[in-house]
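Read through the structure below, which is laid out as structure tokens, and then see the notes.
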Amino acid sequence: MELEKEDIQGLMVRGHGNLTSARFLLYNCTDPKGSCDFLKEITPLITHAEEKPEEEAIHIAFTYEGLAFLNLPAPVLNSFCREFKEGMSAEQRNSVLGDIGDNDPENWTWGNDSIHFLLMVYAKDQAQLDKSMLRIKEQTDRCGIKLIHTLPTGLLQHQKEHFGFRDDISRPVIRELLKEAPPETATTFPAGEFIMGYKNLYDEYAPAPFVPQELDKKEFLPYHPDYPERKDLGKNGSYLIFRQMHQNVHAFWKYMKEQTDEKAAAIKLASKMVGRWPDGSPLSLCPMQPDSALSESNDFGFWDDDQAGLKCPMGAHIRRTNPRDHLVTEKSKIDSTEMAAKHQMLRKGRPYGPPITPALDPNDIMDASEDEQERGLHFICMVTDIRRQFEFVQNNWVSFHKFGGLENDADPIIGNHYNNGKFNTDEFSVPNYPIRKKYKNLPNFTLIKGGAYFFFPGIKALQYIASHD
Amino acid sequence: MSTIHRGLTVTVTIDEDKLSNVNALLFQFRNDLKTNRDQFEKSLPGTFFISWLTLPSQIYNETERLPARIILMTSYVGDKQEHLNELVDFLAPQLNQVFGESHEFPDNYKGKADMLNFLNKKSVANTFYSGFKFLTTSDVAKEKELKSAVWEHAQQLNATNDASQLSPSYIKRQIEDFVANNPALNWAVEEIPFARQNKIQMLLPLVLLGLVMATSIICIVLCFFIDALFVKIMAWVFPLFVIIMGGLLLLLRQNEKNPHMASEELSDEEIRKIVALETHPVLNEMTVIAPLKKGWVRRAFLFVSLKLVNFLTYFTYIPTVHTARWLQLDKGKRLVFIANFDNLSEAYAHDFVDSEKRTKNMAVIFSHAFGFPATRWLIHKQYNHRSKYMKGVRAHQKITQFWYCQNQYESVENLKRNRAFREGLFKEMDDEAIKKWLLTI
Ligand code: HEM
């Protein structure tokens, strides 16, 4: 099935890497009518997937609260999934996401308050961004829309994140986006894993919100292929997960230095935690030292020659968030691959805050003195099933300290590390000959500052939202 | 004697209007458990899990109301009568209070003997699975301590210059010497008790079944040469088995053509009530109870399937599950399933639907339950989707008012790895095997 690219927001298919300046804006509506007017005005400006923007790109996404404020009819609101309706900061979600203790939504700077929608503004440079922001401000002010939070972003050198590791290397490939049929062995994913309205890995249409046909009076929406009485509000849309994660860069490298006796060993330990060397080369392919020729390599697995985790530990961030072809609980490579494939996400995050050193070389970062700067990652991902994809990974693989037969190990990079006397999640275990090494008392290297679940609609769905009666 | 894990299921009917009383009692016990867990652990040394719940009435075949019930399900190790004694000695007042609400409870209840009698009489057969076979409750803590003491001790090996050059057999010997010479750990020098008996006991029914079938096949041939009654009777066993199974399958296929009926989805509110009880950081429980789809063949097929699965539990593997059971109630019209598993139900249920193969295995049992996806020839999916499986599970998931788990800290993989370490101690191995074994530490 061909993708309807002109109806899909462009962020689904590209990260706008050429648009280096970006800002994420969180808004509240004060009047449904004014807000709908704003949406009608902004809809033609939303960047779709057929465009390759050189100057500016704009995307929009709504919280459940926002859609309810816009008075979407009850059956439509009800048709969204429970996780979205409850919202990321709801009590029921806290234990699933590990948002307890330091990460409790009570301590967040946003996301625990009312947010109606998110605008993502990307521009080729700061001047263009300022121009776009001015225009948007004029429009929102006129329509009675209040800017609640502005989240700046800043791309870092060499595609790095703040700890000094190359990021954004591994991305699931959407089959329908390939110009030629992929080779048999290539790992690709059906669009329905990330874009609603298409078949997913279960050969089903991804679960999606709908509008009873009689409520789509202006006929904006296509019919749902499985339910002839429903209009498909989800078509060409997705759920967008947003988590603002503060990174404690100083604490991260301080820990590595304390546990080792030289810089190279500290970098090796940090790399064991990530699963890649700072330049991006995967430990699975070059376990002893980085190999810059492999810095973009993503063609590797764990089943054939690293089941024990002697190269890339079971608890490493990339092995937990994507176990690829090896899950300890599975009996075969095929089963592991099948299971892991069901829990993928399209990551679209951007770092924010100034880098601790410009080039983010760990050797320099370790020497840098602590500062008070706020920096981190706006983790963003797109999925069609919040629970099966994002929450499953966050809960079962990232937070669960028993993942992969481990004992007290949450994800070393992004896990919520605690020790309450009865349960502890603050260890990192590295298989080793003769005896496994265990690093203890890991502090939290990241901290959740805010977050929300958004609906990232297709263009027609946006028209429906803006113009429904 | 053995250390095989088994499941006890005791159930009685109850008037619907008494459910709220019993629920309140069971929730009260759940609350009490927060303060008297130590006593539970001390007084129930053979018990791994207890799920105790009420089940409201359910509708079978659109018209027939199946009664409300109280169900007590325990996972224990060893002998059933010993387990019942242990339960009654410690929980008699609670058992009396709860089961006393049922008109099936003896009016003239006098004490322990009556309670034992009652529990025996009301217990029903179940197909039981354990993911950490043959461990006793005390093994759980002991094997964990053993491994962690060895790890602490072995740190000095890591610190040795050129640790990677030390030979595997040298390291193994160091570890074994440490265990043998440490009075707190040298219990591990002994072989694991009942290891062989356990295996034999679990496999015996399967071996006997195989023998009967093999004998039957031989007798079919012998029939041509020997005119003996025994040979003739035996010659019928295997063909009869095949004919009955084939016939049931054909009838099932007919039944599968009935239009699929979806069960009513659980409201978000109900789901929230269920997941609110899943608060344990390591393992949780799930109870799913559904009426079957209509037609006697569903009941019969499920009955036979559960019996056959029973023969195979030694070889069955369900990831992340500590113990699970399946059984039929109310003349086979209800399917009961409970599992004690690692982490949360959402993650656990995914272990089934994510794998094509496992969805088929699960269909052997769950496809008979109302609201679960329609199948063709038992395991092939029909017109409705795999996500419906998750919905089926949630639609029939029940609140377990009282839940006790003896082991709070170890995942099933932890338990298995601790056991693998103990099994390897003092065992002859080549260097490659030793290297693998060292990774269990
Ligand atoms: C500040 C927070 C985070 C940092 C510093 C971070 C860092 C990294 C790095 C350095 C990589 C390797 C680059 C690559 O393979 O593309 C990576 C990969 C990945 N991360 Fe994160 N990450 C963070 C948060 C998260 C979160 C919240 C999730 C989801 C729950 C996540 C999921 C992933 C996934 C799925 C991969 C790709 C794994 C693979 O396919 O091999 N990350 N991350």
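Chain naming here is simple, since letters A, B, ... match the order of the sequence lines and numbering starts at 1 in each.
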Non-hydrogen contacts under 4.5 angstrom with chain B: give the residues of residues 84-91 of chain A involved, or none if there are none.
A:Lys85, A:Glu86

B:Phe48 and B:Phe132: aromatic ring centres closer than 6.0 Å?
yes

Whatever's closer than 4.5 Å to a heavy atom in chain B on A:Asp335 counts as side chain

Do the ring centers of A:Phe80 and A:Phe455 come within less than 6.0 Å of each other?
yes

Among B:Leu157, B:Leu166, B:Val282, single out the residue with the greatest number of heavy-atom pairs under 4.5 Å to chain A.
B:Val282

Is a donor from one side chain sitting under 3.5 angstrom from an acceptor on the other, for A:Asn416 and A:Asn444?
yes

By number, which residues in residues 430-439 of chain A have some heavy atom less than 4.5 Å away from chain B?
A:Pro431, A:Asn432, A:Tyr433, A:Pro434, A:Ile435, A:Arg436, A:Lys437, A:Lys438

Other residues, nucleotides and ligands only: do more than 12 of their heavy atoms fall within 6.0 Å of CD on A:Glu229?
yes

Full working for salt bridge (Lys or Arg N to Asp or Glu O under 4.0 Å) between A:Arg388 and A:Glu193:
CA-CA 10 Å; A:Arg388 166 164 70 88; A:Glu193 285 298 295; 2.9 Å; yes

Is it the side chain or the backbone of B:Ser267 that comes within 4.5 Å of chain A heavy atoms, both, or neither?
neither

By side chain to side chain donor-acceptor pair (under 3.5 Å), B:Ser345 pairs with (sequence neighbours left out) B:Glu278, B:Arg394

Parallel under 30°, tilted from 30 to 60°, perpendicular over 60°: which one fits the rings of B:Phe178 and B:His153?
parallel

Structural part of B:Ile271 lying under 4.5 Å from a heavy atom of chain A:
side chain

Is it the case that over 12 heavy atoms from other parts of the model lie below 6.0 angstrom from the NZ atom of B:Lys357?
no

Those residues of residues 430-440 of chain B that come under 4.5 Å of chain A on a heavy-atom basis, listed by number, are B:Lys435, B:Leu438, B:Leu439

